[in-house]
Amino acid sequence: MSQLRVLHLMGALRPSGMERMFVSASPHFHELEITSLIVGQGRMHPFSGMLKDANYEVLTISRLRSMHGAKELFNSIRKFKPDIVHIHTEGAFAVSTLAVRLSTRAPIVRTIHNVFQPQGRALLSRSLQSWIADRFISRFVAPSPDVAINERAFGRNAKVILNWVANDYLSTASYVYGQDSDGKSAVIVGNCSTIKNHDLVLRSLVKGGYRVFHHGDEAEASTEELDLLNTLESRGELMYRGTSAPLESLSQANVYVMPSTREGMPVALAEAISMGVPCLIADSPGVQWATGIDGIQHIGLDQRDWDQALPPSGYVRKNSQLAAPDLSASRGAREYVELYSSLVTPSPMSPATIGESTP
């Protein structure tokens, strides 16, 4: 395979799912002869150093809602000369797509990373941006079947490429369920936005007397979430608080908890599944793909349900029949490279050749 140059357009570079997946996939992309430039938007990029350490070229520009940001993106594309432009950010999608198309004829791939269900003006805006920009997208990608199904409402036929985890989460042998005899230690992972809904599970954990490992950027945390974390800390029950990867915490805990109101294909959940950690997750859009996997329990968003599932006596694992899917970084990188290659050198009867943007 000849060397391919891929420009990835992101938002702020934070310790979130896609950024962490870039790090774990780096050696596999290198092996598959992919040269990557990651472009972040805005001023705050706490994860940019980790991406550079993983041998990515990283560039930061102003937000694309400004003319200055659009010009910077235009110049960066002209300088890098990508074979593929991969858009990951949802914000200003029409602007970013038009800026890309004006600066290069390279195929554009877009991954929709979450289950977006806008209403009112937000729905009108997303529909309008789709009408303007979708015609320029060579291929849409969804990180889970849930996202792919949701995007059909916008007329998008997305290829499913599951998210992945770092090799450490696949090879660890340190986790044994029940190593804490009381079953009362829980891991929360995710930047503290309203969508992550951490308040809900923290109320139950504080009430039940659980020990908590909290991995997430607290910049957008609610006052209640901060108060609950401080309460745990004052009791000596907050075992970790920060933004590092949760490998060590998952290896020690009895349950991974995720009360999100919606997701796409959360990497932290994939990490917990890969390690065999029991998972208590909200029955929300974006995680139905995990139904039936051994150790997974879905519950509603009612506070009483979480209180009952996390009793003072400790969490009890739920057994099921299905094995976990292949969540390896090598698989994810390979599937993306196969997609990139098909767009750059399509077969004679491929949709890219006959003019279809979304086969």
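What you see below is based on every heavy atom in this structure, not just the backbone, and it leaves out hydrogens, waters and symmetry mates. None of the values given here were measured: they were computed from a predicted structure.
Taking all atoms of both residues into account, the shortest heavy-atom contact from V165 to V267 is CG1-O, 4.1 Å. Of all heavy-atom pairs between N114 and G264, the closest is OD1-N, 3.3 Å.
Side chain to side chain, R110 and T97 fail the donor-acceptor criterion of an N or O pair below 3.5 Å. When only modelled atom types and interatomic distance are considered, D307 and S204 share a side-chain donor-acceptor pair under 3.5 Å. A donor-acceptor contact under 3.5 angstrom links the side chains of D326 and S328, judged on distance only. Y336 and T111 share a side-chain donor-acceptor pair at under 3.5 Å.
A side-chain donor-acceptor contact under 3.5 Å links D146 to the backbone of W289. Judged purely by atom type and a 3.5 angstrom limit, N163 has no side-chain atom pairing as donor or acceptor with the backbone of P143. The closest donor-acceptor contact from the side chain of Q303 to the backbone of L200 lies under 3.5 Å. Panel note: side chain Q288, backbone S284; a donor-acceptor pair is recorded below 3.5 Å. Remark: side-chain polar atoms of D217 are not paired, donor with acceptor, to backbone N or O of T243 under 3.5 angstrom. With N230 contributing its side chain and L226 its backbone, the two residues share a donor-acceptor pair below 3.5 Å. Under a 3.5 Å cut-off, the side chain of D294 and the backbone N or O of N319 do not form any donor-acceptor pair. H45 places a side-chain N or O within donor-acceptor distance of the main-chain N or O of L13, the cut-off being under 3.5 Å. In this structure, the side chain of N197 does not engage the main chain of T261 through any donor-acceptor pair within 3.5 Å. Between the side chain of R78 and the backbone N or O of S103, at least one donor-acceptor pair lies under 3.5 Å.
Both V201 and L301 are members of a single hydrophobic cluster when ILVMFWY side chains are connected at heavy-atom separations under 4.5 Å. V255 is connected to V206 through a chain of hydrophobic side-chain contacts under 4.5 Å among Ile, Leu, Val, Met, Phe, Trp and Tyr, so both are in one cluster. Using a 4.5 Å cut-off between side-chain heavy atoms of Ile, Leu, Val, Met, Phe, Trp and Tyr, with links allowed through other members, I87 and F74 fall into different hydrophobic clusters. L59 and V85 fall within the same hydrophobic cluster, defined by Ile, Leu, Val, Met, Phe, Trp and Tyr side-chain heavy atoms under 4.5 Å apart, directly or through other members. Residue M258 is grouped with residue L162 when hydrophobic side chains (ILVMFWY) are merged at heavy-atom distances under 4.5 angstrom, including chains of intermediate members.
Residues satisfying the side-chain hydrogen bond (donor to acceptor under 3.5 Å, both in side chains) test with S244, not counting sequence neighbours, are Y240. Residues meeting the side-chain hydrogen bond (donor to acceptor under 3.5 Å, both in side chains) test with Y56, sequence neighbours left out: none. Qualifying side-chain hydrogen bond (donor to acceptor under 3.5 Å, both in side chains) partners for Y340, counting only residues two or more places apart in sequence or in other chains: H86.
The local environment of CD in E31 is sparse, with at most 12 non-hydrogen atoms from other residues, nucleotides or ligands closer than 6.0 Å. Around atom CZ of R235, more than 12 heavy atoms belonging to other residues, nucleotides or ligands sit under 6.0 Å away.
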Side chain to side chain contact (heavy atoms under 4.5 Å, CB included) for H88 and H113? Distances and angles first, verdict last.
CA-CA 7 Å; H88 297 269; H113 286 281; 2.9 Å; yes
When you look at L51 and V23, which way does the side chain to side chain contact (heavy atoms under 4.5 Å, CB included) test go after all the steps?
CA-CA 6 Å; L51 293 170; V23 172; 4.1 Å; yes
Please determine whether side chain to side chain contact (heavy atoms under 4.5 Å, CB included) holds for the pair Y315 and Q297, giving the CA-CA distance in whole Å, both sets of side-chain angles, and the decisive distance to 0.1 Å.
CA-CA 11 Å; Y315 181 73; Q297 180 183 1; 2.7 Å; yes
Let me see the working for Q41 and T89 under side chain to side chain contact (heavy atoms under 4.5 Å, CB included), right down to the final yes or no.
CA-CA 9 Å; Q41 299 176 59; T89 179; 3.5 Å; yes
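Within the 4.5 Å cutoff, the side chain of L64 has heavy atoms near those of the L9 side chain. When side chains are defined from C-beta on, N167 does not count as touching S330, because their heavy atoms never get closer than 4.5 Å. In this structure, the side chains of V187 and V277 stay at 4.5 Å or more apart for every pair of heavy atoms. Proximity of W164 to H28: side-chain heavy atoms (C-beta onward) are nowhere separated by under 4.5 Å. Looking only at side-chain heavy atoms (C-beta outward), I161 and R331 come within less than 4.5 Å of each other. Looking at L123 and F154, their side chains come closer than 4.5 Å, going by heavy atoms from C-beta outward. Residues F213 and L250 fail the side-chain proximity criterion, which asks for heavy atoms closer than 4.5 Å. Counting heavy atoms from C-beta on, the side chains of L37 and P82 never come closer than 4.5 Å.
Note on ring orientation: taking the six-membered ring where Trp is involved, the planes of H214 and H198 are perpendicular (angle over 60°, cut-offs 30° and 60°).
Among T35, I34, L32, the single residue meeting the side chain to side chain contact (heavy atoms under 4.5 Å, CB included) criterion with Q3 is T35. When the options E225, E220, E263 are evaluated for a salt bridge (Lys or Arg N to Asp or Glu O under 4.0 Å) with K196, the one that passes is E263.
Ion pairing between a basic and an acidic side chain is recognised when a charged N comes within 4.0 Å of a carboxylate O; K159 and E335 show no such pairing.
Judged by the 6.0 Å and 45° rule, K207 forms no cation-pi pair with Y210.
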